[in-house]
Amino acid sequence: LELIINFIIQKKIDFSTLLPKERNSLLKNSNDYLLIGYVMEVFNFNDQKVFNDMRNLKKNFLLKNMLMHSDLDKVSKSLREANIDFCILKGAAINKTKAYKRGIRFYRDIDILVAPKDLEKSFIVLQELGYQYLNKLCKNSCRVLGNMHHLPVMSNQNKTFIELHHRVTMQKFYNECPLSNDILDTKIESENFFIPSPEAMVAHSLYHGLIHHNKTIGPTFLFDIHQI
């Protein structure tokens, strides 16, 4: 809570003022929930070892996201050349809005929404770029089964993970997805990418944080809504 409040009001506080339990939790969540950028923005670190550990963690995420950005640029270019109706979602999309200063909002994977009619074509495009299912037991097919709203995670040799969505919301929550068509219809162009409109981005953040994950993914979605 202290992290959320002080990030929003842009107030610096000393890390040493936290209770030991709070400090340990914050250090763990900096990695687990990708909070390192927010933590470095809010807290002053008097302990040099802790500061160096946090700085190195942030550097690793920066380098990984730079590599993912390069891979995403290639994917986006190929999808456009194939005339596929697509839109980048979540962390990768929010980074394209410049809502945050560089080095605050990180992401672990790339989520791409495509029109259902383009799912198979998109799957083939990713395969041609070297992406394969991370789970080797998955059949090499783009057939969507059961309650899934995206194909199994795909990865390339750089370990860039992509989730290819044919809808935004899970069917167990909404029989007909209330967001997918709106996101594709109102998407905006940013550099070589398509990203959701600010309104659609806020709606997706609320769904993802409150319904899909039932408030178990940390405060990142709250930061995103504030920044958007």
Within a 6.0 Å radius of atom [atom1] on [X], are there more than 12 heavy atoms belonging to other residues, nucleotides or ligands?
X: Gln132; atom1: CD; answer: no
X: Gln10; atom1: CD; answer: no
X: Glu22; atom1: CD; answer: yes
X: Glu81; atom1: CD; answer: yes
X: Glu191; atom1: CD; answer: yes
X: Lys12; atom1: NZ; answer: yes

Looking only at the aromatic ring of each residue, does the gap between the centers of [Y] and [X] stay below 6.0 angstrom?
X: His212; Y: His149; result: yes
X: His69; Y: Tyr107; result: no
X: Phe221; Y: His208; result: no

_Who clusters with Val153? Use side-chain heavy atoms, under 4.5 angstrom, across I, L, V, M, F, W and Y, and order the result by chain and number._
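Traced through the cluster, Val153 reaches Leu134, Phe161.
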*side-chain contact (heavy atoms from CB on, under 4.5 Å) with His150: which of Met170, Glu163, His166?*
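Filter result, single survivor: Glu163.
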_I need the single residue from Leu151, Leu164, Ile112 that forms a side-chain contact (heavy atoms from CB on, under 4.5 Å) with Ser122. Which is it?_
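By the side-chain contact (heavy atoms from CB on, under 4.5 Å) criterion, Ser122 pairs with just one of Leu151, Leu164, Ile112: Leu164.
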Once you measure the plane-to-plane angle for [X] and [Y], does it fall in the parallel (<30°), tilted (30-60°) or perpendicular (>60°) bin?
X: Phe45; Y: Phe51; answer: tilted
X: Tyr38; Y: Phe223; answer: parallel
X: Phe15; Y: Phe43; answer: perpendicular

Answer whether the closest heavy-atom distance between the side chains of [X] and [Y] falls below 4.5 Å.
X: Ile13; Y: Asn44; result: no
X: Thr97; Y: Ser190; result: no
X: Leu27; Y: Val39; result: no
X: Ile162; Y: Asp109; result: no

*asked:* Hydrophobic clusters here meaning ILVMFWY residues chained together by side-chain heavy-atom distances under 4.5 Å, can you tell me if Leu79 and Ile124 are in one?
replied: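 Unlinked, Leu79 and Ile124 end up in two clusters.
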*Please name the residue in the list Lys101, Lys58, Lys11 that meets the salt bridge (Lys or Arg N to Asp or Glu O under 4.0 Å) test with Glu41.*
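Going through Lys101, Lys58, Lys11 one by one, the salt bridge (Lys or Arg N to Asp or Glu O under 4.0 Å) with Glu41 is satisfied by Lys101 alone.
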*asked:* Could you check whether Asn156 and Asp71, counting side-chain N and O atoms only, form a donor-acceptor pair closer than 3.5 Å?
replied: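 Per modelled atom types, Asp71 and Asn156 side chains form a pair under 3.5 Å.
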*List for me each residue that meets side-chain contact (heavy atoms from CB on, under 4.5 Å) alongside Asn192, sequence neighbours excluded, and say none if there are none.*
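With sequence neighbours excluded, Asn192 shows a side-chain contact (heavy atoms from CB on, under 4.5 Å) to Asp73, Ser76, Lys77, Arg80, given in chain and number order.
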*Could Asp85 and Lys117 be called an ion pair, given the rule that one side-chain N must be under 4.0 Å from one carboxylate O?*
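Result for this pair is no, no salt bridge flagged.
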